[in-house]
Amino acid sequence: MSFQRVHPLEALKKNPFVLAPMAGITDHAFRSFMKALDAGVVVTELVSSHGIQYKSERTMSLMSYDETQRPLGIQLFGEEPEIVAHAAQVAEAHGADFIDLNFGCPVPKVVKKGAGSAMLKDLPAMRRMLSATVKAVQIPVTIKIRTGWDASLRNAIDVCKLAGDEGITWVAIHGRTRAQGYSGLADWDYITEVKVQSPIPVLGNGDIHTAQQAVDRLKSSGCDGVLIGRGCLKNPFLFFDAYRIWSGQSLSRKQNRQFSEVFRRLYDYLQLHCQPHLVGIQLKKFAAWYSTGYPGASQFRKEIFQTQDVHQTLEKTLSFFDSISVYDQDDTSQENFLMGGHG
Ligand SMILES: Cc1cc2nc3c(=O)[nH]c(=O)nc-3n(C[C@H](O)[C@H](O)[C@H](O)COP(=O)(O)O)c2cc1C
């Protein structure tokens, strides 16, 4: 089958704001939703190369997408180069625009096997995997890493050089070491240093909470793009605004802050692309996140989590969002929020 593929670097030049992969969140529905709200590039959550090898139904479902999402990266993880390379071929045949390899996952189950961020401790093994994967496919291959394994092994610069040798298209860096997990702050000074020394494009990532911050981080780090994860779970307009600030367009705020209309769109995407029994759960999750920092949010959350019926959840949420404007949102960036994940 032939696909109308879009090269991720071309897309990045037009819009450098990338939706970070998030397990259990950046599924088909959410990627389409964020793409419609101006994310430049989207990536699936991490997909197990072994799962692809065994044709696991659940694994294969993680790669579901539609044409509106291009360019779409399918993120793979694994420890054996041949199995990852084979999984990359399957993802390519499935229509991915690029393959993203996960070298950032700090989760013990993954690291114990030598996959995810464990590769940061074994650059020869990483090289073998990059070489095998780049050879196996025609589409671009990117990687996502952390700054290093721990404070004594911050080797993102070496990784970028190695990745450049192996024909990798970009390196995305979550600005924390594996040892830090999600504690502390992402180290953008180090990301900036890596960008200066890297022979290939670098994308910075970590703790971007507002559109202005996204644009400022992009400019001050000199990175070729930025990845935004948790920030867009509190503010669905983050990409929309960042793209407009970056491209010099005005933000006609009131006109574009149709929270309830946007939430209805999310509901439509969930209905189209989510398993029916999950629609209600997802809807509550997003309603709770998006209400963060608005007056009455905690009472609203209590109410929707008691609701059993999807339509009731939707109605309650729409009426809550009808009553707010973006100007009311408190700064909640210092609160702990989703302090764990696969990258
Ligand atoms: C719930 C959750 C799941 C995540 N899953 C993945 C994943 O599947 N693959 C990956 O590379 N990173 C994953 N991450 C890491 C994010 O892509 C990102 O690097 C991290 O959240 C820091 O960026 P942020 O501060 O903008 O959220 C996950 C993060 C969270 C919070």
Side-chain angles (χ1 to χ4, degrees), residues 16-28 30-31 34 39 41-49 51 58-59 62-63 72-78 84 91 98-107 109-111 115-120 141-148 156 159 170-178 180-188 190-191 202-211 213-218 221 223 225-236 238-239 242 282 285-286 288-289 292 332-343:
F17 305 103
V18 178
L19 176 63
M22 286 181 286
I25 298 169
T26 54
D27 59 6
H28 185 151
F30 191 65
R31 290 194 307 272
M34 282 291 98
V41 177
V42 297
V43 186
T44 66
E45 67 179 79
L46 82 175
V47 179
S48 158
S49 299
R58 202 192 101 70
T59 303
L62 298 176
M63 296 197 286
L72 166 75
I74 293 187
Q75 189 186 65
L76 302 174
F77 78 102
V84 172
F98 66 105
I99 302 296
D100 185 50
L101 298 180
N102 180 318
F103 298 136
C105 180
V107 172
K109 207 174 91 182
V110 172
V111 169
S117 60
M119 284 277 172
L120 297 172
V141 179
T142 63
I143 64 175
K144 180 161 177 283
I145 64 173
R146 285 187 169 237
T147 51
V159 172
W170 75 49
V171 179
I173 307 175
H174 176 185
R176 293 180 172 87
T177 62
R178 187 267 175 183
Q180 278 179 290
Y182 282 74
S183 64
L185 292 175
D187 186 345
W188 279 88
Y190 184 64
I191 292 174
V202 169
L203 276 56
N205 168 235
D207 305 338
I208 291 177
H209 302 287
T210 68
Q213 240 178 15
V215 175
D216 293 346
R217 287 294 192 207
L218 183 74
S221 66
C223 282
V226 292
L227 263 72
I228 302 169
R230 293 166 296 173
C232 67
L233 304 179
K234 288 183 180 175
N235 175 7
L238 216 164
F239 288 104
Q282 293 292 86
K285 210 163 74 175
F286 283 108
W289 287 338
T292 306
T332 57
S333 58
Q334 304 308 314
E335 282 174 17
N336 288 345
F337 177 62
L338 289 179
M339 300 282 285
H342 286 282

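Everything numeric in this text was worked out from a predicted model, so none of it was measured. In listed order, ligands and their atoms are each counted from 1.
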With D187, which residues qualify under salt bridge (charged side-chain N to carboxylate O under 4.0 Å, His left out), at least two apart?
->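 Listed in chain order: R154.
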Qualifying residues under side chain to side chain donor-acceptor pair (under 3.5 Å), relative to Q282, sequence neighbours excluded |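 In terms of side chain to side chain donor-acceptor pair (under 3.5 Å), with neighbours along the sequence ignored, Q282 is linked to K285.
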Using modelled atom types only, decide if a donor and an acceptor are shared between the side chain of [X] and the backbone of [Y] within a distance under 3.5 Å.
| X | Y | result |
| --- | --- | --- |
| R176 | R146 | no |
| D207 | L185 | no |
| W188 | G206 | yes |

Using a strict cut-off of under 4.0 Å between a residue heavy atom and any atom of ligand 1, list the qualifying protein residues by chain and number.
->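 Heavy-atom contacts below 4.0 Å: A20, P21, M22, A23, I25, E45, L46, Q75, N102, K144, H174, Y182, N205, G206, D207, I228, G229, R230, L338, G340, G341, H342, G343.
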Identify, with sequence neighbours excluded, every residue that meets ring-ring contact (aromatic ring centres under 6.0 Å, His included) alongside F98.
->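 ring-ring contact (aromatic ring centres under 6.0 Å, His included) list for F98, sorted by chain: W170.
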